[in-house]
Colleague: 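One structure, as structure tokens, below. Some questions next.
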Amino acid sequence: MALTFSDLHTEEGVKSVEDHLAGKTYISGDQLSVDDVKVYAAVSGKPSDAFPNASRWYDCVASHLAKSFPGKAVGVSIGGSAAATPAQAEAPAAAAADDDDDMDLFGDETEEEKKAAEEREAAKKDTKKPKESGKSSVLMEVKPWDDETDMKKLEECVRAVEMPGLLWGASKLVPVGYGIKKLTIMLTIVDDLVSPDNLIEDYLTCEPNNEYIQSVDIVAFNKI
């Protein structure tokens with residue numbers, strides 16, 4: 001049912017708005033609508049403290065309009081004839097209602113709102129992307145049983161171990177003493193796929209590799 005307010009340039013008219021807004025935030029429904037804009041435009045200024053409901057509503061509408069029209073206002077006073085007759089007021093009101101579907105008074109985003117929306121979209125895309133697992137660089141020392149161990153065979157056993165996320169790198173033989181040498185070898189691992197401890201216990205120092213390998217130690221472990 002359509003609402004009717006009259007003489008909103010007078011205290012009597014503002015009082016009718018005050019009474020209507022008792023227990024309400026907006027003129028119609030629970031959201032700002034074109035009805036609020038129409039009444040706001042008809043009120044000559046912010047209602048006094050004698051009309052707390054209308055004053056609060058006026059500030060709320062003014063705040064929304066300020067966001068929708070961010071240009072700097074210098075203030076405008078409208079002079080001229082007395083208040084428009086009901087018939088005169090009805091014509092622009094009807095035109096505003098007809099244009100309501102085509103004009104979105106509150107649709108323009110501020111720069112802050114646009115930036116926030118872009119950040120939300122970016123966050124959504126990030127959550128859809130699979131997270132890349134970290135990688136680590138490991139330096140191992142592989143020790144033979146004695147000076148008679150075939151170190152070439154030993155290194156072949158080490159490099160023969162293959163699994164997803166494991167990449168063997170450079171190696172060299174380092175003298176230990178009494179003619180014994182140890183193998184130092186670099187490897188790169190994907191942390192979620194390869195455990196250095198499991199690599200040693202389940203592959204390097206178990207059969208048949210333990211024929212050549214006595215023990216394996218991790219000398220250095222660095223995140224990449």
Side-chain angles (χ1 to χ4, degrees), residues 1-135 190-192 223-224:
M1 180 177 178
L3 299 170
T4 301
F5 298 98
S6 59
D7 300 326
L8 294 180
H9 61 289
T10 67
E11 285 196 1
E12 186 67 22
V14 174
K15 186 176 185 303
S16 66
V17 176
E18 170 73 15
D19 295 339
H20 176 76
L21 288 171
K24 300 178 181 178
T25 304
Y26 301 108
I27 296 297
S28 304
D30 57 359
Q31 292 184 339
L32 192 70
S33 70
V34 70
D35 291 342
D36 295 277
V37 179
K38 292 176 184 177
V39 177
Y40 176 89
V43 176
S44 58
K46 180 180 178 179
S48 67
D49 293 340
F51 306 103
N53 295 331
S55 178
R56 183 184 68 253
W57 163 84
Y58 189 95
D59 286 339
C60 179
V61 177
S63 175
H64 280 285
L65 290 175
K67 292 178 182 178
S68 299
F69 304 100
K72 183 178 180 181
V74 298
V76 175
S77 297
I78 307 299
S81 59
T85 65
Q88 290 173 323
E90 183 65 24
D98 291 340
D99 293 341
D100 188 35
D101 292 337
D102 299 326
M103 180 176 65
D104 185 1
L105 291 174
F106 310 103
D108 292 338
E109 293 182 312
T110 64
E111 288 300 320
E112 291 79 5
E113 291 170 336
K114 288 180 180 179
K115 183 177 180 181
E118 291 172 356
E119 290 175 349
R120 288 195 298 272
E121 287 300 319
K124 289 179 182 178
K125 292 179 180 179
D126 288 340
T127 57
K128 293 178 181 178
K129 293 180 180 179
K131 293 184 179 179
E132 294 184 1
S133 176
K135 293 182 179 181
V190 176
D191 296 333
D192 287 349
K223 294 288 186 179
I224 298 177

Colleague: Which atoms form the tightest heavy-atom contact between E18 and A54, and what is the distance?
Modeller: OE1-N, 2.8 Å
Colleague: Could you pull out all residues at least two apart from K24 that satisfy salt bridge (charged side-chain N to carboxylate O under 4.0 Å, His left out)?
Modeller: none
Colleague: Is the shortest side-chain heavy-atom distance between P47 and E11 below 4.5 Å?
Modeller: no
Colleague: I'd like to check the side chain to side chain contact (heavy atoms under 4.5 Å, CB included) partners of T10; sequence neighbours left out, ordered by chain and number.
Modeller: D7, E12
Colleague: With I27, which of L32, V39, V37 fulfils side-chain contact (heavy atoms from CB on, under 4.5 Å)?
Modeller: V39
Colleague: List for me each residue that meets ring pair (Phe, Tyr, Trp, His ring centres under 6.0 Å) alongside Y40, sequence neighbours excluded, and say none if there are none.
Modeller: Y58
Colleague: Which residues satisfy the side chain to side chain contact (heavy atoms under 4.5 Å, CB included) test with S28, sequence neighbours excluded?
Modeller: L3, S33, D35
Colleague: Quick one: closest heavy-atom pair of L21 and R56, and the distance?
Modeller: O-NH2, 4.3 Å
Colleague: Once side chain to side chain contact (heavy atoms under 4.5 Å, CB included) is applied, do any residues pair with D19, and if so which ones, sequence neighbours excluded?
Modeller: K15
Colleague: Check A22 against N53 and note the closest heavy-atom contact, atom names and distance.
Modeller: CA-ND2, 3.6 Å
Colleague: Is the shortest heavy-atom distance from the side chain of C60 to the side chain of Y26 under 4.5 Å?
Modeller: yes
Colleague: Sequence neighbours excluded, which residues qualify as side chain to side chain contact (heavy atoms under 4.5 Å, CB included) partners of S48?
Modeller: A50, F51
Colleague: Which atom pair, heavy atoms only, marks the closest approach of A42 to L8?
Modeller: CB-CD1, 3.5 Å
